[in-house]
Structures are given as structure tokens and as C-alpha cells.
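Per chain, numbering begins at 1; letters A, B, ... match sequence-line order.
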Amino acid sequence: MSDALSLETVGLTKRFGAFTALDAVSIKVRAGSLHALLGENGAGKSTLVKCVMGYYHADDGDVLIGDRGQEIGSPRAAAALGLGMVYQHFTLVPNMSVAENLLLASGKVPAVVDWKAERAKMTRFMDSMPFRVPLDRPISALAIGEKQKVEILKQLYLDRRLLILDEPTSVLTPDEADEVLGFLRGLVDQGRLTIVMISHKLREIYAYAEEVSVLRQGKLVGAGRTADLAAPELTRMMVGVETLAQPAARAPKPAGDVVLDASGLVAADDRGRRALDGASLAVRAGEILGLAGVSGNGQRELVEILAGQRDPEAGAVKVHGERYAADRAAARKHKVVCLPEEPLKNASVPTMSVAENLALRRFDLAPMARGPWLSDGAIRRAAEKLIGEYRIRTRSPATPIAELSGGNVQRTVLARDLSEEIDLLVVANPCFGLDVKATAEIRAALVAQRNKGAAILLVSEDLDEILELSDRVAVIASGKIAYEAPIAAADRQEIGKRMVAH
Amino acid sequence: MDGDLGLWGVPLAIFAGAIRVSTPFLFVSLGECITEKAGRINLGLEGTLVFGAMAGYAISYNTGSPWLGVLAAALAGSLFGVLHGLICSLPKVNDVAVGIALMLLGTGLAFFFGKPYIQPKAPILPGFDLSFGLLPPRLAEAATINPLFLIGLAAAPILAWGFRNTRTGLVVRMVGDSGDAAKAVGIAAMPVRVAATAAGGFFAGIGGAFLSLYYPGSWNEALSSGQGLMAVALVIFARWNPVACVWAAFVFGGAGALGPALQSVGVTQGYYLFNAAPYLLTLVIMAVMCSRKQSLAGMPAELGIAR
Ligand SMILES: Nc1ncnc2c1ncn2[C@@H]1O[C@H](COP(=O)(O)OP(=O)(O)OP(=O)(O)O)[C@@H](O)[C@H]1O
Ligand SMILES: [Mg+2]
């Protein structure tokens with residue numbers, strides 16, 4: 001069995017054009033330890049680990065693996081040294097099966113594949129893992145949490161000696177995260193593996209990591225043992241001296257009229273399987289309805305129906321008592337705003353600039369539009385205002401949104417949508433991948449909208465988020481609403497049980 | 001014309017015609033399938049096909065060997081594929097636009113170099129008589145199969161097997177489905193895509209050689225009726241599955257053979273309408289399969305506008 005490797009970076013610097021994403025960063029990771037890398041969105045965490053993996057080429061500085069300086073020119077070279085990485089964005093091949101993905105990841109595919117032998121090997125491997133995924137399933141048919149598990153299994157299958165995980169748990173439920181991290185922690189304790197983990201979740205960092213390094217705006221601002229660093233200290237390192245936004249006190253007024261009334265929704269998913277199976281729910285003005293559920297139970301289709309991206313096969317959606325057509329005119333009339341998950345894919349145009357993306361809701365109205373013409377000035381001014389207000393970290397308003405860090409894409413989309421006047425807000429996993437500070441800001445913004453009288457449907461896989469923000473809690477399982485209770489009566493155990501019951 | 005067979009002649013003629021008409025469809029769709037599996041669309045196969053037809057005919061005429069002609073057509077097709085692949089690898093180049101440009105280039109060059117070959121008769125490919133002289137002549141004609149069809153028929157399952165069981169096949173699919181995933185294991189997408197486009201051109205070139213060297217078996221400027229253009233539709237119809245390409249090509253071939261078959265038994269009304277059958281079929285298939293309710297299962301994720 002191979003042994004864990006140590007990792008050290010010395011003065012690593014990486015520039016994108018004139019922008020310095022990493023500024024002489026030196027970190028030290030002991031062999032056989034689990035090291036956490038922290039920092040707010042856009043701090044340069046992903047850039048740092050991608051430089052180590054040879055995915056990016058550093059402009060300056062060195063990488064030491066196992067105390068020896070290494071020139072890592074490509075991910076393949078990194079793999080040869082025993083390094084593996086789970087990227088923040090999936091690197092699975094969607095139309096291929098789990099088995100094919102496992103095989104391809106090794107980079108050593110024989111000219112003609114002996115599937116019988118390979119499968120036997122994979123089955124043996126899967127049997128030794130605490131969590132498993134069917135080998136024949138195509139990746140595109142897996143739920144998001146399962147995909148993340150495949151990513152991790154893939155690396156373990158390849159017998160890595162140093163494993164880098166970029167936000168591995170952001171798509172897992174807390175229980176799944178504990179299962180995965182607990183198992184990885186065990187491998188580290190056996191001295192088989194060194195792990196560098198990027199995470200925004202302090203709970204996990206305290207539970208599983210022994211050391212941390214903290215980045216801010218491309219610089220290393222602190223490092224140490226987790227045992228010696230209290231949570232407020234870590235937060236201060238990450239975000240500077242400011243304190244976190246506190247959610248506005250929940251105005252204790254009774255909920256108003258029903259704004260969203262969805263009844264008996266039935267819909268198929270992309271592959272024709274029934275995803276929604278008669279789901280009904282209602283949200284009143286001035287309340288947040290939290291919809292919990294394990295991903296892949298119809299949430300996505302529900303949000304798509306409300307956003308007008310999917311037609312239901314049966315059932316009706318009413319807003320303010322009127323049938324809701326979910327097109328641009330209806331959304332404007334009823335002041336409906338929808339924030340789907342994966343905003344880079346579902347709520348923005350990746351190749352358009354930040355300013356253009358911020359203008360998507362109002363570009364056809366004055367002052368951004370003058371007759372058939374667009375006013376660049378007005379679009380830019382509006383963008384600059386929002387970029388300032390929501391502290392979007394972008395080089396300029398003209399930067400394509402795809403070049404922003406994951407968290408900043410989310411912020412851009414939220415800035416565009418939360419600055420609207422809203423009667424009904426549908427949000428899916430709004431804090432997915434956001435740092436502690438941004439998470440606090442966004443949750444505060446949601447509560448503020450609620451206090452102003454908006455009806456909010458919060459679809460989230462993060463049960464803590466739901467319990468923190470909601471006035472009422474519902475659970476969706478197998479396309480049906482399986483539970484509903486006011487927050488005061490909601491019981492965490494019961495919710496957990498309903499989420500997995502079929 | 002064929003009093004002895006009467007109306008039975010129609011299905012028979014359609015069958016024999018379908019094999020004939022479907023052969024070029026089969027080759028261009030297999031070629032396009034390989035290219036698209038790697039994440040590129042080559043709309044220029046029409047140009048490749050026409051150039052292949054000309055090159056095949058010319059080489060057959062000059063060497064006296066139709067098989068050398070087929071080889072020349074395939075190689076010429078690969079060159080067009082390489083050209084398409086390399087141009088598309090430049091930054092900010094759109095493969096659809098390049099495809100259309102190459103289509104015009106291919107037909108243009110073929111007409112230019114093909115002028116001297118319109119008149120002369122080149123040796124063409126022999127057909128296999130599967131009836132071995134046991135059937136009446138009209139039936140025997142239907143049972144004469146062209147060798148290229150058999151090659152295409154064999155190539156389809158081999159390709160399908162290769163996509164699943166060989167390193168080359170898996171890498172092509174990976175590159176076509178997720179450039180990021182390929183990069184993460186250190187595979188550069190560009191050379192793979194260029195090679196896949198070249199392989200696609202290879203097949204399309206053979207499709208062209210069929211037209212000039214078997215049926216109709218001569219070279220002129222009106223030889224192709226857009227078979228190369230239809231490749232993209234066929235591949236969608238076949239859901240990027242080489243074996244399904246055979247069925248797709250056969251259905252289109254059958255539709256294409258409908259008009260001539262009816263004409264041969266004396267039905268002349270609406271003749272042009274029957275000739276439009278393959279094109280109508282294309283429209284219908286596209287409309288049915290590209291609904292917004294269903295995404296196209298099996299479509300390589302890196303294709304075209306997805307990038
Ligand atoms: N390919 C690129 N081109 C230009 N700029 C980039 C590129 N990749 C990252 N950046 C910039 O570098 C900075 C650091 O990005 P990085 O992805 O490393 O952040 P991060 O710390 O991983 O953030 P998050 O928590 O949001 O994932 C960001 O400001 C981002 O806009
Ligand atoms: Mg990141």
C-alpha cells in the first residue's frame with residue numbers, strides 16, 4: 001500500500017492577465033494529515049490547487065511533493081506522482097456509465113478493454129467502500145450527491161497518495177458528508193493518504209481537519225491548527241475585520257394572502273421518468289416556506305415549472321389567484337422572481353459580461369432601452385451600482401460572467417434578482433458554494449424580502465438553512481409533498497425520516 | 001416495363017432502391033456520427049461527398065481500378081476533415097460556419113477539377129449477384145448488392161463496439177462529452193477532435209465514391225442530391241448510435257427510392273412530391289425529436305452551441 005505524500009507550495013503566484021489571483025502563497029501540508037483550505041469566494045483557493053495539479057501553470061513559485069521540488073506540467077503528470085483532485089465543477093463524462101468513467105480516469109486505458117476483468121476489479125473495489133453507486137448507471141442519471149460520490153470513489157479507485165477536494169460536501173446532505181469525510185479521515189489516520197480539503201463549512205473543518213490555511217484576495221493570511229483557532233478567529237481571518245451580516249429580526253406578523261398556489265403538479269424529468277407526482281403547495285405573502293428533500297425528488301422540475309422552463313403534464317399554478325403562465329409578461333405583472341440552482345448554467349449567459357447578465361431582467365425597459373436601442377451607459381451604471389452593493393468580485397463589469405469564481409457568479413445572479421420588487425420569490429439552494437460571509441448576507445436578504453411582504457419558496461438540500469429561515473417547513477419525496485408543519489412544530493428527526501421514506 | 005412482376009415490382013424496387021440510395025446516406029451518417037461523438041459538427045460533408053465522388057472517378061479512370069478510386073476518395077475526404085478540424089481548433093471559430101464554407105469549397109473544387117471527367121467512362125465497381133443466376137432477371141437485379149453497402153453494414157457494429165470497448169472509442173466519447181473531464185486526466189481534446197473529423201471525412205469520401213463509381217456510376221455536377229447535408233439529421237435520428245445509423249439510412253433510402261419505384265410501374269402523378277419524401281421525412285423527424293419536453297438522450301454534451 002502506498003504512503004501519504006506531503007505538499008508544500010513556495011511563493012506560488014498566478015496571474016490572469018493583469019489580475020493577480022494568487023500572490024506568493026506558501027502553504028505546508030504534512031504527510032498523513034487532513035488540511036483545510038479556507039477563504040471567501042474568489043480568494044483563490046481553486047486557483048491554488050489547480051496550480052498544484054498542473055491544470056494551471058503558476059507564473060512564479062514552486063511546488064514540493066514529498067519534500068522534492070516538482071515541475072508539474074499537466075494533470076497527467078500530477079497523477080503519475082500520485083496526486084488526485086476532485087474539482088469544484090464535476091469532471092465526469094455525463095453520457096458514460098460509472099464504470100466507463102472509473103476506467104477513463106486512470107489515464108491508462110488498454111487499447112482494447114477487457115470489460116469482464118475491469119468490472120470484476122471495480123466490483124471488488126466497490127464492495128470495500130462504505131458508499132457505492134451502480135456501475136452501469138450513466139452519470140447523467142445520477143442525483144447530484146451521487147455524482148459527487150462517484151468523483152470521490154474515482155480518486156480512491158486510483159490509489160492516490162495525495163487527494164485534493166474542492167468543496168466536496170457542498171452538494172451532500174450533512175449525513176452523507178459525515179459518511180464520506182469519516183471514511184476519508186480513516187484513510188488519513190492509517191497513513192495511506194494526505195488530504196487537502198476546500199470547504200466553507202466550519203463544522204466540517206473542526207470535525208475533520210487538523211490544520212488550516214486561510215486565503216484572502218490571493219494572499220495567505222493565516223494558518224494553524226484547528227484546535228488552536230476558535231471559529232470567530234477563523235472567520236475574522238477569512239473576511240477581514242468586518243462582522244457577519246445578521247439576519248434581520250423576523251417581523252412577527254401573520255402571513256398574508258396566498259400568493260403561490262400550486263396544485264396537483266405532475267411532470268416528467270428529462271428522460272421521461274415521472275419526477276413530480278401530484279405535488280401541491282401554497283405560499284402566503286410574508287412567509288418563507290422551506291421545501292426540504294434529498295436532491296432528485298422532483299425539486300428541480302418544480303422550480304423549472306415555476307420558472308416556465310418546463311410544462312407540467314397535469315396540475316395548475318396560480319399566482320394571486322390567477323392562472324400563471326410563467327412567461328416574461330406574467331412574471332413582471334405578478335412580480336415573480338425565480339432563482340434556479342446552478343446559476344451559471346440556469347440563470348445566466350456564461351459568455352456575456354457581468355453587466356449584461358445583471359441587465360437581463362430590465363434591458364428591454366427604460367432607461368436601459370430607448371426604443372429598439374440599448375443604452376450601454378445605463379446598463380453599465382446599473383451594473384456598477386449592483387457590483388458595489390453586493391460586493392461582486394469581478395475585474396470589470398465587462399468581464400464574462402463565466403470567468404468569475406463560483407461564489408461570485410451566485411452573487412451576481414442574486415444581485416440582479418433580489419434588487420427587483422418581489423411578490424413571489426422562488427429560490428433553489430441559494431447558498432450552495434458560498435462562503436460564510438456571503439451566506440449570511442444572502443440569508444439576511446431573504447428575510448428582509450419576507451419582512452417586506454414577499455412570499456418565498458425556499459427549496460434547499462441544506463436542512464439547517466431551512467430550519468433557520470423558514471416560517472413553515474415542507475418535505476418533498478418521490479415527487480410528492482410528504483410533510484408540512486409550521487416551524488414551531490417542525491421536528492428535525494421527523495423531517496429527516498420523511499426525506500428518505502418512499 | 002416489367003409485366004411479369006406487376007405491382008410486386010413496387011416493394012421489390014423500393015427494397016433494391018433503398019439499398020442503393022441508402023449507401024451514401026449510410027457512409028455520411030457513420031462519418032458524421034464519429035465526428036459528432038468527438039464534439040464537433042461537420043456540416044461540410046456535402047462538399048466532401050461531392051469531392052470524393054469526383055476524386056474517386058478520376059482516379060478510377062486514370063488507373064483503371066475502381067477500388068483505388070474508392071481509396072482516393074476516402075483519403076481526399078480525410079484531408080477535408082483535417083482541414084475542418086484544424087480550422088475549428090482556432091480560437092473563436094464556429095464549426096457550423098466552417099462546415100458551410102468547406103461545403104462550398106469542396107463542391108467548387110470538385111466542379112473545377114472534374115470538368116475533364118464528365119465525358120469519359122471510368123471503370124466502376126462490380127455488384128455482387130446474391131441470386132447466383134437462380135432468379136428471373138428482374139428479381140436478380142434486386143438481389144444484386146453493392147460491395148460498399150456491405151462494407152458500411154459491417155462498419156456500423158464495429159464502430160459501435162469500438163466506442164464501447166477500445167481506448168480510442170472511449171477517448172473520443174469522453175472528449176465529445178466533457179472537454180473538462182478529458183483535460184482533468186490530461187487528454188487534449190483538440191487532436192482527438194481533428195482525428196475524428198478526419199475519420200468522418202474518410203467515410204463521407206467513400207459515400208461520394210459510391211455515387212460516381214456504382215450508382216448512378218458516372219461523374220457530373222448534379223450527382224449529389226444533398227446526401228451530405230442530410231447526415232446531420234440522420235445522426236440525430238440515430239441518436240448518435242452507429243448501428244441505428246444503418247436503420248436511419250435505410251429508412252431515408254427507402255423514402256428516396258419511393259418516387260423512382262412508383263414511376264417504374266407507371267405512377268407518374270405527384271412524382272416530384274415522392275421525390276421530396278426524404279426531405280419531408282427530415283423535417284418531420286426533426287420536429288418530432290427536438291421537442292422541449294425531452295432533451296436528446298445520447299447527444300454529446302460538447303456539441304455545437306452547447307460549447
Ligand atoms: N480562468 C480564469 N480567467 C480569469 N480569471 C479567473 C480564472 N479563474 C479564476 N479567475 C479569478 O481568480 C480569482 C480566484 O478564483 P478562484 O476560483 O480560485 O476562487 P475560489 O477561492 O475558489 O472561490 P469560490 O469559493 O467561489 O470557489 C477570482 O477573482 C476569479 O475571478
Ligand atoms: Mg473555488
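Between B:F250 and B:F149, the ring planes lie tilted relative to each other; the angle falls in the 30° to 60° range.
Both the backbone and the side chain of A:P94 come within less than 4.5 Å of a heavy atom in chain B. For A:L92, the part lying near chain B is the backbone, with the side chain staying farther off; criterion is any non-hydrogen pair under 4.5 Å. The contact between A:A111 and chain B is made by backbone and side chain atoms together, counting heavy-atom distances below 4.5 Å.
Without hydrogens or angle criteria, A:S106 side chain to A:K108 main chain gives a donor-acceptor distance under 3.5 Å. Within the 3.5 Å criterion, the main-chain N or O of A:M352 finds a donor-acceptor partner in the side chain of A:N357. The backbone N or O of B:G200 lies less than 3.5 Å from no partner atom in the side chain of B:E32, so there is not a single donor-acceptor pair. At least one donor-acceptor pair closer than 3.5 Å links the side chain of B:R167 to the backbone N or O of A:V109.
Residues B:R164 and A:E100 are not paired through a salt bridge, judged by the lack of any N-O separation under 4.0 Å between the basic side chain and the carboxylate.
A centroid separation of less than 6.0 Å is found between the aromatic rings of A:Y56 and A:F16.
Applying a 4.5 Å heavy-atom cutoff, the residues of residues 174-188 of chain B that approach chain A are B:M174, B:D177, B:S178, B:D180, B:A181, B:K183, B:A184, B:V185, B:G186, B:I187.
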